[in-house]
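Structure, as structure tokens:
This structure is a prediction, so every number in the text was calculated from the model and none was measured. Start at 1 with the first residue, then count along the sequence.
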Amino acid sequence: MGTPTKEEYAAFEERVRRTVYVDNLSPLVTEAVLRTALDQFGTVKSVQVIPNYIVPGNIPRCALVEMENSKEAKAVVSEITQLPFMISGMPRPVRARPAEVEMFDDRPRKPDRKILCRWLEPSDPDFEVAKRLKHLCREHSRETEFLIKRQLQEEEKLAKKQADELKTHYKKHELIEGVMSDGTAQRLGRRYNLRLDDR
């Protein structure tokens, strides 16, 4: 595979500028649902849902959404940052921020960039640095798993609270409908000399 030219890399950077990183998505959100939700901000060119290989289960997902131009991408970030934005009716508000080059798994290599790899011997001073980085990555993974579990517990509580409030409002609505339909409201209106509009 050849090295990309500066023009090809510039085209990729332009693609990055018109792409939005969306996260905290429900596991139920599909590419089609996300496309429909963000079409109100402009034209969605492509959606790439990013799989999570670190923590299995019912975890928040993220995606890269490419818009028609960078202006539309900025509008998506601005709106979602300022107002709570829900997708698929979940209690989880979606977050958005501008995409970065490192987020793309199909990113081309930057022209004139060289990557050097070498084995480290235990006697090498950088060996200890590499060991500490490896340990830090494991710690970070454990912390991430813990935080995701806590987040899911909070979201379950919020979902239950929302469901309870919805049931309460529905019961109130049924009660009002019953009073209006059986004539109780009209009788009370006549008794207290109040005029009730049938609308």
Side-chain angles (χ1 to χ4, degrees), residues 1-81 85 87 92 94-148 151:
M1 188 174 180
T3 305
T5 63
K6 290 184 179 178
E7 291 79 16
E8 288 171 331
Y9 195 79
F12 167 71
E13 287 182 314
E14 180 54 38
R15 179 178 150 214
V16 173
R17 279 191 285 275
R18 62 175 180 259
T19 302
V20 178
Y21 175 78
V22 182
D23 74 337
N24 212 30
L25 294 167
S26 159
L28 304 175
V29 172
T30 63
E31 182 181 321
V33 169
L34 190 55
R35 183 182 290 272
T36 303
L38 297 183
D39 261 338
Q40 62 185 302
F41 300 107
T43 305
V44 176
K45 287 186 74 175
S46 70
V47 175
Q48 179 191 353
V49 177
I50 302 170
N52 189 313
Y53 300 110
I54 301 172
V55 185
N58 183 30
I59 58 166
R61 300 172 81 193
C62 52
L64 290 170
V65 181
E66 183 184 354
M67 303 301 288
E68 186 73 37
N69 54 55
S70 58
K71 186 178 177 185
E72 290 178 359
K74 286 177 185 170
V76 172
V77 172
S78 175
E79 287 295 322
I80 292 179
T81 302
F85 191 73
I87 297 179
R92 177 186 293 135
V94 176
R95 297 182 298 228
R97 65 186 174 103
E100 297 173 18
V101 170
E102 294 77 16
M103 294 175 177
F104 293 79
D105 58 359
D106 62 344
R107 66 183 178 272
R109 196 175 75 186
K110 198 169 186 177
D112 305 324
R113 182 179 176 213
K114 293 181 181 176
I115 300 174
L116 299 174
C117 297
R118 65 185 174 96
W119 288 104
L120 293 175
E121 296 295 328
S123 58
D124 193 314
D126 288 337
F127 186 80
E128 282 302 315
V129 174
K131 262 177 76 174
R132 282 199 298 272
L133 283 173
K134 186 177 177 182
H135 177 73
L136 190 63
C137 286
R138 286 183 180 154
E139 283 293 314
H140 180 69
S141 178
R142 283 194 288 269
E143 289 171 2
T144 301
E145 187 175 352
F146 174 77
L147 289 173
I148 287 173
Q151 182 181 358

Is any side-chain heavy atom of R61 closer than 4.5 Å to a side-chain heavy atom of V29? no
Give the C-alpha distance, both sets of side-chain angles, the deciding distance and a yes or no for side chain to side chain contact (heavy atoms under 4.5 Å, CB included) between V101 and F12. CA-CA 9 Å; V101 170; F12 167 71; 3.7 Å; yes
So, T19 side chain and R15 main chain: donor-acceptor pair closer than 3.5 Å or not? yes
Nearest heavy-atom approach of V16 to A99 is CG1-O, 3.6 Å
Residue pair V33, V47: steps toward the side chain to side chain contact (heavy atoms under 4.5 Å, CB included) verdict: CA-CA 10 Å; V33 169; V47 175; over 6 Å; no
Heavy atoms of other groups near K45 NZ, more than 12 under 6.0 Å: yes
Of all heavy-atom pairs linking A73 and R17, the shortest is CB-O, 3.9 Å
Decide yes or no on salt bridge (Lys or Arg N to Asp or Glu O under 4.0 Å) for R97 and E100, but give the supporting numbers first. CA-CA 9 Å; R97 65 186 174 103; E100 297 173 18; 3.0 Å; yes
Look at the rings of F41 and F85 and say which category their plane angle falls in: under 30° parallel, 30 to 60° tilted, over 60° perpendicular. tilted
Atom SG of C62 and atom CD of Q48: how far apart are they, to the nearest 0.5 Å? 9.5 Å
Any heavy-atom pair between the side chains of E66 and L64 that's under 4.5 Å? no
Any donor-acceptor pair under 3.5 Å linking the side chain of T144 with the backbone of H140? yes
One should read off an interatomic distance between R138 CZ and K134 NZ, to the nearest 0.5 angstrom, of 4.5 Å
Could you measure the distance from the CE atom of M67 to the CG atom of D39? Nearest 0.5 Å is fine. 7.0 Å
Between P98 and V77, the two heavy atoms sitting closest are N-CG2, 3.9 Å
Distance, nearest 0.5 Å, that separates CZ of R109 from OH of Y9: 11.5 Å
Quick one: do V76 and V65 satisfy side chain to side chain contact (heavy atoms under 4.5 Å, CB included)? Show the steps, please. CA-CA 10 Å; V76 172; V65 181; over 6 Å; no
Heavy-atom closest pair (R118 atom, L120 atom, distance to 0.1 Å) is NH1-CD2, 3.3 Å
Measuring only between side-chain heavy atoms, which start at C-beta, is L38 closer than 4.5 Å to V22? yes
Sidechain N-carboxylate O distance under 4.0 Å for R142, E139: yes
If only atom types and distance count, is the side chain of E68 paired as donor or acceptor with the main-chain N or O of G42 below 3.5 Å? no
Would you compute the distance between atom CD of E13 and atom CZ of R18 and round it to the nearest 0.5 angstrom? 12.5 Å
Calculate, to the nearest 0.5 Å, the distance between atoms CG and CD belonging to D126 and E121 respectively. 12.5 Å
